Structure formats: structure tokens, C-alpha cells
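Below is one structure, written out as C-alpha cells; the observations come after it.
Here the structure is a predicted model, which means the values were calculated and not measured. Position 1 is the first residue of the sequence; numbering continues from there.
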Amino acid sequence: MPDVMSSSRLIGVGVGPGDPELVTVKGVNALRAADVVVVPVMDTGERGRAEATVLHYVPQEKVVRVVFALNERSDHGRREAAWDAAGERVARLLAAHGSVAFATIGDPNVYSTFTYLAHTIGELVPGVVVETVPGITAMQDLAARSGAVLTEGTEPLTLVPVTAGSAVLKDALNGPGTVVAYKFGRQAAEVAEVLRETGRIGDAVWGSALGLEAESIRSAAELDGAPLPYLSTLIAPARRDGTRGGKL
């Protein structure tokens, strides 16, 4: 591994859910200022959502695809090997260029690939400066596009990745606040069942491909058990009585 000067910088940049207009000015500036912009891809070689967004602001020749085991959960060894290889690839880029931005959909501190990469780079490249630029999250975008209010007054907000299991989602739905579910597309049938069991399906909405041509935003009551895109988001608003300021 080449020596990397302590001035090397790795910047995780949140590029939002997919709509290029939702990248912040600070995010665009960070992407343009970096020597190289890394985008995560699966081993299929297909262009990911982060890359598609980044290309609205930086030229293709500045973008470097790095393969991550983005959907690998069952084979621990394969996943670790993929993370190690990705970390070493980015460490080499830091040695060659000094300033590397990593584009991640949503926010780099919310269920992001960047978290794992930063940990790996911290071990491989002592002295590297790691920074993040926040991005618009899918729950914020879905709330804006659907009109679902995330929180009022003293209401709590719970964010649940459904990959953790439907029991975790059910516990959250039995609580008093708004519940947001991420990554629920493959468990859409289970999610619909839990929403009905907890009496929360009436006001809930789900969305996928937000800001893109394939965008779909619908009432959760329309869930029929068919699988949805993996990166689907659900909002189940808190139970409210309709009065203004009732939760203050």
C-alpha cells in the first residue's frame, strides 16, 4: 500500500434519494472540489442511483466505480472480503489523489455504505481526515411529495429498517409516534399485515424511485402483497385528532 499523507481527505457526500435537484449546494461543491468521486456499485456493473445523480454535476471521467457487497447478508465471509477489497481500492485512490469524495444516496450517516468504508479507511490510512456532508433522506422526500407530516409537537419519530424483522416494525407501530420503514420492498406483504394488525394502515403511505421517472407514491392500503422495489420507504404518521397544536 502506498504511503498516504496525513492531509488526505475522505468526504462522504449525501446526494439525496435520486432527484438531482435535492443535492445540497454544499454537496455539489464537495463533489466538484474532490479529485475523484467514488460511487458504490454492485458486481452487476449497472449504474447505481448515486452515480446517476453525481453525473448531473461532475464529468464521467472523474467518477470511479467501486464494487461493494451492497445486498450480501447471508455469506459473512464474502461480504467481509468485498468490504476489504473496496477499502483497499479507496485507500489507493487516496494515495494517488489526496481528496476523495464518496457519493451515497440519502445521508452518509443514515444506514449508509459510507459508515463501513470510513471505518475501514481509518484502519488502512492512519491520519486520514474523514468528513461528511449531509443529504436529504428518503423519508423527507416522501413526506414532501405525499403531504405526510413526519412529526408534530412532542411526537417521537422512529426509523426502522424492515431488514431487522417485522417484529421490530410492529413494536414501533404500537408506540405513539410516526414510524418510518426503510428497505421494506421484499417484505411488503408482512409490512401490510403488521400495519393492519396495529390499525395504522389508513394514513400510511409508501413510495419508491422518488424523483425519478419510475416514481410511485401510494396509500399503504393499496399494498396487495406483491414485492416492491428494495429501496421503498413507508411513512405511518402518528395518530392525531385533527386539532391544531394538539401535540404541543
Side-chain angles (χ1 to χ4, degrees), residues 14-22 39-53 68-75 79 103-107 110-113 135-151 157-175 177-238:
V15 297
D19 182 347
E21 292 187 338
L22 290 182
V39 292
V41 296
M42 294 187 289
D43 54 12
T44 58
E46 296 177 1
R47 176 181 293 174
R49 194 176 299 184
E51 180 179 1
T53 304
F68 287 80
L70 298 174
N71 288 341
E72 182 58 70
R73 287 185 169 80
S74 58
D75 190 332
R79 182 181 62 197
T104 178
I105 59 171
D107 182 276
V110 180
Y111 300 129
S112 170
T113 309
I136 301 295
T137 61
M139 64 178 169
Q140 292 169 289
D141 196 13
L142 178 57
R145 294 175 187 277
S146 68
V149 176
L150 285 170
T151 55
L157 173 64
T158 303
L159 176 58
V160 177
V162 179
T163 47
S166 59
V168 177
L169 176 62
K170 186 173 183 178
D171 285 345
L173 289 168
N174 279 323
T178 294
V179 177
V180 175
Y182 274 3
K183 306 176 184 179
F184 83 94
R186 294 173 186 168
Q187 288 86 27
E190 297 173 46
V191 168
E193 182 179 350
V194 170
L195 284 167
R196 292 188 178 94
E197 288 178 2
T198 55
R200 301 289 295 271
I201 200 166
D203 296 328
V205 295
W206 69 269
S208 63
L210 301 173
L212 305 175
E213 289 186 9
E215 175 180 279
S216 180
I217 299 174
R218 299 187 181 185
S219 166
E222 297 180 22
L223 291 171
D224 58 6
L228 303 176
Y230 174 68
L231 291 177
S232 293
T233 299
L234 175 112
I235 298 175

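- Atoms CZ and OG1, on Phe68 and Thr113 in that order, are 6.5 Å from each other to the nearest 0.5 Å.
- Results of the side-chain contact (heavy atoms from CB on, under 4.5 Å) test with Val191 over Ile201, Leu173, Leu228, Leu169 single out Leu169 as the only residue that passes.
- Not counting sequence neighbours, Asp203 has no partner by the salt bridge (charged side-chain N to carboxylate O under 4.0 Å, His left out) test.
- A donor-acceptor distance shorter than 3.5 angstrom exists from the side chain of Thr178 to the backbone of Ala238, with no hydrogens or angles considered.
- When the side-chain contact (heavy atoms from CB on, under 4.5 Å) test is applied to Ala52, the partners found at least two apart in sequence or on another chain are Arg47.
- Annotation: side-chain contact (heavy atoms from CB on, under 4.5 Å) contacts of Ala172 (sequence neighbours excluded): Thr158, Val160, Val179.
- Nearest approach of Ala220 to Trp206, heavy atoms of both residues: CA-CD1, 3.9 Å.
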Please tabulate, for the side chains in residues 15-22, all donor-acceptor contacts under 3.5 angstrom to protein atoms that are two or more places apart in sequence or on a different chain.
residue, atom, partner, partner atom, Å
Asp19, OD1, Glu21, N, 2.9
Asp19, OD2, Arg145, NH2, 3.0

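- Put simply, the side chain of Thr137 does not reach to within 4.5 Å of the side chain of Leu159, judged on heavy atoms.
- In this structure, the side-chain contact (heavy atoms from CB on, under 4.5 Å) partners of Ser146, at least two apart in sequence or on a different chain, are Leu142, Ala148, Val205, Ile217.
- Looking at Leu195 and Leu234, their side chains come closer than 4.5 Å, going by heavy atoms from C-beta outward.
- Atom NZ in Lys170 sits 12.0 Å away from atom CD in Glu190 (nearest 0.5 Å).
- Crowding of Arg218 atom CZ: a count of heavy atoms from other residues, nucleotides or ligands under 6.0 Å not exceeding 12.
- Atom CD1 in Ile235 sits 10.0 Å away from atom CD in Gln140 (nearest 0.5 Å).
- What you find for Arg49 and Leu212 is that their closest heavy atoms are NE-CD1, 3.9 Å.
- To the nearest 0.5 Å, atoms OG1 (Thr233) and CG (Asp141) are separated by 9.0 Å.
- The list of salt bridge (charged side-chain N to carboxylate O under 4.0 Å, His left out) pairs with a residue in residues 160-169, not counting sequence neighbours, is empty.
- Here the CG atom belonging to Leu231 is positioned 5.0 Å from the CD1 atom belonging to Ile105, to the nearest 0.5 angstrom.
- Residues passing the salt bridge (charged side-chain N to carboxylate O under 4.0 Å, His left out) test with Glu193: none are found, sequence neighbours excluded.
- Residues satisfying the side chain to side chain donor-acceptor pair (under 3.5 Å) test with Thr198, not counting sequence neighbours, are none.
- For the side chain to side chain donor-acceptor pair (under 3.5 Å) test, no residue two or more places apart in sequence or in another chain qualifies with Gln187.
- Counting all heavy atoms, side chain and backbone alike, Pro40 lies closest to Ala50 at CD-CB, 4.3 Å.
- Although no hydrogens or angles enter the test, the distance criterion places no donor-acceptor pair under 3.5 Å between the side chain of Tyr182 and the main chain of Thr163.
- The CZ atom of Arg186 lies 6.0 Å from the OH atom of Tyr230; values are rounded to the nearest 0.5 Å.
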